[in-house]
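One structure is given here, and the rest of the page talks about it.
One is the number of the first residue; the rest follow in order along the sequence. Predicted model only: the values in this text are computed from it and were never measured.
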Amino acid sequence: MTATLPVSPFAAEIAQAVSELNAARSTWRRRQAGRHAVAHFPSPSELARAIEHLSAALFPVRLGEFRGGAAREDDFVAERLGQALALLREQIARELDYWEAESSETFDADHPDTIVRLFAATLPEVRTLVDSDVEAAFIGDPAARSADEILISYPGALAILHHRIAHELHKLGAAIVARIISELANARTGIDIHPGATIGPSFFIDHGTGVVIGETAIIGANVRLYQHVTLGARTPLGLARVGPRDRFARHPIVEDDVIVYAGATILGRVTIGRGSTIGGNVWLLRDVPAGSVVLQPEARRLDQAGAREIAAELRGGAA
C-alpha cells in the first residue's frame with residue numbers, strides 16, 4: 001500500500017513560487033543563449049571535505065587528530081592525502097568542463113590528473129610556509145600560549161592555511177576551485193584573501209575580522225596585518241575602456257617587515273616600503289618610502305568649553 005504524503009498548508013504558495021521560479025530560470029537561460037549547459041559545477045561541500053583531509057595530512061596530530069604513533073603516521077598521511085586528492089580531482093574536472101563549455105577550447109582528458117599531481121608536489125612548501133606563519137603569530141602575539149594554540153584556534157592561521165592551498169591551485173589554472181576554498185575560510189573567519197594574491201613567509205593576521213586582500217596584491221616576508229585592513233583596488237575611471245574582466249595589477253605591494261594596524265585602507269598599485277608602519281584607520285593612495293611611519297592626526301583633548309562647542313557642531317546647533 002502506497003503511503004499518501006501529507007498536503008502542505010502552503011501548497012498554493014509553493015505552486016506559485018515554482019511557476020515563477022521556472023519563469024526566472026527561463027529568462028536567465030534566454031539571456032545566456034549560445035552558452036552550453038554544464039551538468040555539474042565545483043561543489044563547496046566537497047571541497048570543504050578535501051580541505052579537511054588536506055589539513056589532516058599537513059598537520060596529522062594537531063589538525064588530523066592522529067594518535068597512532070610515529071610508526072603509523074606516514075600511513076595516516078597517505079590515506080588522508082589519497083582522499084583529498086581524489087576529491088580535488090573530481091572538482092577540478094568539473095571546473096574544466098565548465099570552462100570548455102564557455103569557450104571553443106578543449107582540455108586533454110588527463111588534465112585534471114596533471115593539475116592534481118603538480119599540486120601534490122607543492123604540499124611540502126605549503127607546510128613549510130604555514131609553519132613560518134604560525135611562528136610569526138607566536139612571536140607577534142603575547143596572548144598566545146603556544147604555537148599549537150595558534151594553528152588550531154586562530155582565525156588568521158586558518159585563513160592563511162586555506163590561502164596557501166588555494167594559491168597553488170589558482171596558479172595551476174583551477175581558479176574557481178581555488179576561489180571556493182578561499183571563500184570557505186572567509187565564511188568562517190571574515191578574512192577575505194583572493195587566491196591570486198602572492199604572500200611571502202611569516203605572515204600574521206592578528207584578530208583578522210574584516211581583512212580584505214585583493215587578487216594582484218603582493219606581500220613580502222614578515223608582514224603583520226590587524227583587523228579590518230584592506231589591500232584593495234583603486235578602480236580606474238577608464239575601466240569601461242579597459243574592460244571589467246581584463247586582468248591588470250591593481251592592488252598594493254607590501255614589502256618585507258611591514259606592520260599595518262587596524263582599519264587601514266590601502267588602495268591601488270602603490271608600494272609600502274620595507275620596514276614601514278601604517279597606523280590605524282589611515283587611508284593611503286600613494287607610495288610610502290621604506291622605513292616610514294604613517295599616522296592619522298592625533299585626537300585632541302579639549303577643555304569643557306571646546307568640548308561643548310564641538311558637541312554642538314555635531315548636533316547641528318549653536319554652542
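- Checked by atom type and distance alone, the side chain of E95 pairs as donor or acceptor with a backbone atom of I176 at under 3.5 Å.
- Taking NE2 from H162 and CD1 from I193, the interatomic distance works out to 10.5 Å, rounded to the nearest 0.5 Å.
- Hydrophobic clustering (ILVMFWY, side-chain heavy atoms < 4.5 Å, transitive): V211 and L184 are in distinct clusters.
- Between R49 and E52, no side-chain nitrogen of the basic residue sits less than 4.0 Å from a carboxylate oxygen of the acidic one, so the salt-bridge criterion is not met.
- L158 and V212 sit in two unconnected hydrophobic clusters of ILVMFWY residues. Membership requires side-chain heavy atoms under 4.5 Å apart, directly or through other members.
- The backbone N or O of I191 sits less than 3.5 Å from a side-chain atom of T189, completing a donor-acceptor pair.
- With sequence neighbours left out, the side-chain hydrogen bond (donor to acceptor under 3.5 Å, both in side chains) criterion links N281 to no other residue.
- The side-chain hydrogen bond (donor to acceptor under 3.5 Å, both in side chains) test applied to Q91 returns no partner, not counting sequence neighbours.
- In this structure, the separation between OH on Y154 and CD1 on I205 is 13.5 Å, given to the nearest 0.5 Å.
- Put simply, the side chain of R274 does not reach to within 4.5 Å of the side chain of V258, judged on heavy atoms.
- Within the 3.5 Å criterion, the main-chain N or O of G273 finds no donor-acceptor partner in the side chain of E255.
- Contact annotation: the side chain of V260 never approaches that of I272 to less than 4.5 Å [non-hydrogen atoms, C-beta and beyond].
- By the 4.5 Å heavy-atom criterion applied to side chains, L129 and F203 are not counted as neighbours.
- Residues passing the salt bridge (Lys or Arg N to Asp or Glu O under 4.0 Å) test with E73: none are found, sequence neighbours excluded.
- For the residue pair D141 and F204, the shortest heavy atom distance occurs at CB-CZ, 3.9 Å.
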Please test L85 against L87 for side chain to side chain contact (heavy atoms under 4.5 Å, CB included), starting from the C-alpha separation and ending with a verdict.
CA-CA 5 Å; L85 297 181; L87 288 166; over 6 Å; no

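- Contact check for F41 versus R94: no side-chain heavy atoms found under the 4.5 Å cut-off.
- Looking at every heavy atom in both residues, T216 comes nearest to H251 through OG1-ND1, 2.7 Å.
- Checking side-chain atoms of R80 against main-chain N and O of A57 turns up no donor-acceptor pair under 3.5 Å.
- Note on I180: it clusters hydrophobically with V126, by side-chain heavy-atom contacts below 4.5 Å among ILVMFWY residues.
- Between the side chains of R30 and T27, at least one donor-acceptor pair of N or O atoms lies under 3.5 Å.
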Stepwise salt bridge (charged side-chain N to carboxylate O under 4.0 Å, His left out) test for E168 and K171:
CA-CA 5 Å; E168 297 302 331; K171 289 193 298 183; 3.4 Å; yes

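- Listed by chain and residue number, D113 satisfy the side-chain contact (heavy atoms from CB on, under 4.5 Å) test with R117 (two or more places apart in sequence, or in another chain).
- Atom CD of E65 has 12 or fewer neighbouring heavy atoms from other residues, nucleotides or ligands inside a 6.0 Å radius.
- No donor-acceptor pair closer than 3.5 Å links the side chain of S19 to the backbone N or O of A15.
- Shown here for I150 and A144, the closest heavy-atom pair between the two residues is CD1-CB, 3.8 Å.
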Begin with the C-alpha distance, continue with both residues' side-chain angles, and end with the deciding distance and a verdict on side chain to side chain contact (heavy atoms under 4.5 Å, CB included) for L81 and L54.
CA-CA 6 Å; L81 268 183; L54 277 175; 3.9 Å; yes

Side chain to side chain contact (heavy atoms under 4.5 Å, CB included) between V229 and I278: does it pass, once the steps are laid out?
CA-CA 10 Å; V229 165; I278 309 301; over 6 Å; no

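- Across every non-hydrogen atom of L63 and L151, the tightest pair is CD2-O, 4.1 Å.
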Working note: V282 + I266, criterion side chain to side chain contact (heavy atoms under 4.5 Å, CB included); need CA distance, chi angles, decisive distance, verdict.
CA-CA 8 Å; V282 165; I266 306 170; over 6 Å; no

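- Rounding to the nearest 0.5 Å places CD1 of I165 at 12.0 Å from OG of S182.
- Applying side chain to side chain contact (heavy atoms under 4.5 Å, CB included) to L172 and the options L118, V177, T114 leaves one that passes, L118.
- A chain of hydrophobic side-chain contacts below 4.5 Å, direct or via other Ile, Leu, Val, Met, Phe, Trp or Tyr residues, connects F119 to I51.
- In this structure, R62 is not positioned above the aromatic face of F59 in the sense of NZ or CZ being under 6.0 Å from the six-membered ring centre and within 45° of the axis.
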Distance-only criterion, 3.5 Å: show the donor-acceptor pairs between side-chain atoms of residues 194-202 and protein atoms not counting sequence neighbours.
from : atom 1 : to   : atom 2 : distance (Å)
H194 : ND1    : G196 : N      : 2.8
H194 : NE2    : R179 : NH1    : 3.1

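- At least one side-chain heavy atom of R269 sits under 4.5 Å from a side-chain heavy atom of I218.
- The backbone N or O of R67 sits nowhere less than 3.5 Å from a side-chain atom of R72 that would complete a donor-acceptor pair.
- In this structure, F76 and G64 approach most closely via the heavy-atom pair CZ-O, 3.6 Å.
- The main-chain N or O of F107 is found under 3.5 Å from a side-chain atom of E100 such that the two form a donor-acceptor pair.
- Of the N and O atoms on the side chains of D256 and N222, not one donor lies less than 3.5 Å from an acceptor on the other residue.
- Around CZ of R25, the count of heavy atoms belonging to other residues, nucleotides or ligands within 6.0 Å exceeds 12.
- No side-chain heavy atom of P155 sits less than 4.5 Å from a side-chain heavy atom of T209.
- Taking D131 as the reference, R127 meet the salt bridge (Lys or Arg N to Asp or Glu O under 4.0 Å) condition, with sequence neighbours excluded.
- Of all heavy-atom pairs spanning L267 and A233, the tightest one is CD2-O, 4.0 Å.
- Residues I160 and R164 are in side-chain contact: their nearest non-hydrogen atoms beyond the backbone lie under 4.5 Å apart.
- Without hydrogens or angle criteria, S276 side chain to S292 main chain gives a donor-acceptor distance under 3.5 Å.
- Clustering ILVMFWY residues whenever any of their side-chain heavy atoms sit less than 4.5 angstrom apart, transitively, puts I219 in the very cluster that holds V288.
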